[in-house]
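Letters A, B, ... are given to chains in the order of the sequence lines, protein chains preceding strands, and every chain is numbered from 1.
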Protein chains: 2
Amino acid sequence: MTDEAAPGPRRPKRVTHEDIARACGVSRATVSYVLNDVPGRMISDATRELVLRTARELGHVPYAPARMLRLGRSDVVLALVRDFSPGYISNALLRKLDVALAERGFVLLIHRYDESLRSVQELWQLVSPSLVVVMGGLTISEQEGLESAAARVLRVHGTMPNVRIGRMQADHLTARGHRVIGYVLPSEPSLQLIAGERLRGIQEECAALGIPEPVVCTVDPTDMDSVSAALDVFLATEGLTAVATHNDEIGLLLVSALQARGLEAGRDLAIIGVDNIPSARVDLTTVEIDVDLWGDDVVASALALLDDEEPTTISHELLRVIERRTA
Amino acid sequence: MTDEAAPGPRRPKRVTHEDIARACGVSRATVSYVLNDVPGRMISDATRELVLRTARELGHVPYAPARMLRLGRSDVVLALVRDFSPGYISNALLRKLDVALAERGFVLLIHRYDESLRSVQELWQLVSPSLVVVMGGLTISEQEGLESAAARVLRVHGTMPNVRIGRMQADHLTARGHRVIGYVLPSEPSLQLIAGERLRGIQEECAALGIPEPVVCTVDPTDMDSVSAALDVFLATEGLTAVATHNDEIGLLLVSALQARGLEAGRDLAIIGVDNIPSARVDLTTVEIDVDLWGDDVVASALALLDDEEPTTISHELLRVIERRTA
DNA sequence: TTGTAGGCGTTATCAG
DNA sequence: CTGATAACGCCTACAA
């Protein structure tokens, strides 16, 4: 015996095709044909019924590893996230992916990816997914590791028009007469790539319009003091009348910080966020990303990748400014 | 650009031990010994180096399915959640599990479980995890399906002393003189099992103390009208002075609903929640669950299960009432 | 110190 | 219509 080290009571005792075949008095191949409903093969209804019934009675469960080994592919799609509670948008995306993949017989598994805990290669050797979907940003080394290990990778947030988001924020503010604007970056490291793109959009637009570069502050959403400090900087900047934030969460924090000082967003300082998260839907001016449309694109890209085709590119407009009280 | 635009059909072309062995002029066994660092075997340093180097050069990645098939076990632990953004507590638990399992060489994968989308059996045949960890409640049929398919199952929320939570809520309120109390259930179906246990705790305590059964309302946290309706019921109940809620989230909603009517929690109506979530830490009286301790227990149980031992039982006190303004 | 051979459960090919 | 049989990539008892 190989690893008969288990003196304990637990005996997994897998039910194999062999067992079913023996119980039915047929061959393993026949069992496989019936169970997989192979189109070409003609099996008598009697045999088919018998096999199916005994399979159920014996409690046979197809064994994924053997199947994978034989087929050379797995039905697992692995989504890498930085945190178990992803934001509003990622959440919606994951949901869409989940049901779309389920329809195609794939299963979506989420893994909190922490490079310090385990490398991409190790991860790959533990699960062998058909596709890796990366939610959020990625450091250079992470990206390299991934590309070398996994055959198919979809970088979701790479498909988002981040630069355009920044430009739209800037456009909206300047169109309303603001000339000196601020920008709030999130401190979260994994967001830096994305945030950088958005900031670049703002900077490009400012340059194009001949107005000063935005004043940039970094904020940790879990630390209200950092928000307050950023507000200090903005209020102290000569002529600054508007602030664009990396997302609505930060935008809302800024609104609160203003209120705490007896100031009002929109009157004393214009604020524009990104995402149109539910809790922002009363007050906050924001750039809305059409999650539904974007989700469709993401799903399409994922399915294309699984079929070894080119991922689709975004063709339609995903972005829209929603004007509310704060700007 | 997501990926290197492969012109032709992508040929994965797996690098196997065979390839490495041939390139090195040794046998497959030797390669395996080196790669797995088998203790008993003595391999010359020269051979070892050679094998390791060529393995790296060829870009060999161990193939999980083959490994699983041979070893008869997988290094995957599957956590079933109802929603991609689990609550504060589940989140903390998942985090703890994640790092603990990583240390033992397991990988924690999260799956949003939706019985209407896919049965447990199907799920099992797609991933074949060593252990299934169920976060949150489970319907009867789900539970049965799981037990028949998966060898090892850990029902996390089954380990929580829900009845005691209810009793502590009731104790706290009655100790402060309240005689007629209300209870708010969440509408979420998957929480019903848990919520039922907590309610039972309250009911038992009320019976023991000889006070009336609690007035029960059901609330959907995403629907403020349902909260308002529940408040109507409570305010209309003769002599009702306190309400216990299934969790802090609902408790906070109730506080807001009171405020909206110009009433004040703690003065006009006592409110006690469960969880001590961050946003409740200013005002809300609550039953705190020591997530850290509980997490340790959950981790211990998981590891025990993986070692085919009996899961540990909770021995220490996890609960504590935190008294704040609202009760 | 290294090589040989067999098998884990499945599916596919090829005979009967 | 059905039954042997050969892989898939990996691990390990045993032989050399």
Does [X] reach the main-chain N or O of [Y] with its side chain, forming a donor-acceptor pair under 3.5 Å?
X: B:S128; Y: A:Y63; value: no
X: A:R118; Y: A:L123; value: no
X: B:S119; Y: B:E115; value: no

Please give, in whole Å, the distance from [N] [atom2] to [X] [atom1]?
X: B:I20; N: D:dC11; atom1: CD1; atom2: P; value: 11 Å
X: A:R22; N: D:dG3; atom1: CZ; atom2: C1'; value: 16 Å
X: A:Y33; N: D:dT2; atom1: OH; atom2: C1'; value: 9 Å

Any side-chain N or O of A:T30 below 4.0 angstrom from OP1/OP2 of D:dG3? yes

Hey, is the side chain of B:T47 poking within less than 4.0 Å of OP1 or OP2 on C:dT2, counting only N and O atoms? yes

Salt bridge (Lys or Arg N to Asp or Glu O under 4.0 Å) between A:D98 and A:K96: does it pass, once the steps are laid out? CA-CA 5 Å; A:D98 194 21; A:K96 278 214 143 192; over 6 Å; no

Heavy-atom check, side chain of B:W124 versus side chain of A:P62, under 4.5 Å: no

A:D307 versus A:R104: any side-chain heavy-atom pair under 4.5 Å? yes

Students often get this wrong, so: under 4.0 angstrom with heavy atoms, is B:V38 touching a base, only sugar-phosphate, or nothing? nothing

Can you classify the ring geometry of A:H60 versus A:H17 as parallel (below 30°), tilted (30 to 60°) or perpendicular (above 60°)? tilted

Where protein sits on nucleotides 5-10 of chain C, one letter per nucleotide: B base, S sugar-phosphate only, - none, heavy atoms under 4.0 Å: -BBBBB

Determine to 10° how strongly the helix from C:dT1-D:dA16 to C:dG16-D:dC1 is bent, judged from the axes of its five-pair ends. 50°

d(B:I110 CD1, B:L94 CG) to nearest 0.5 Å is 4.5 Å

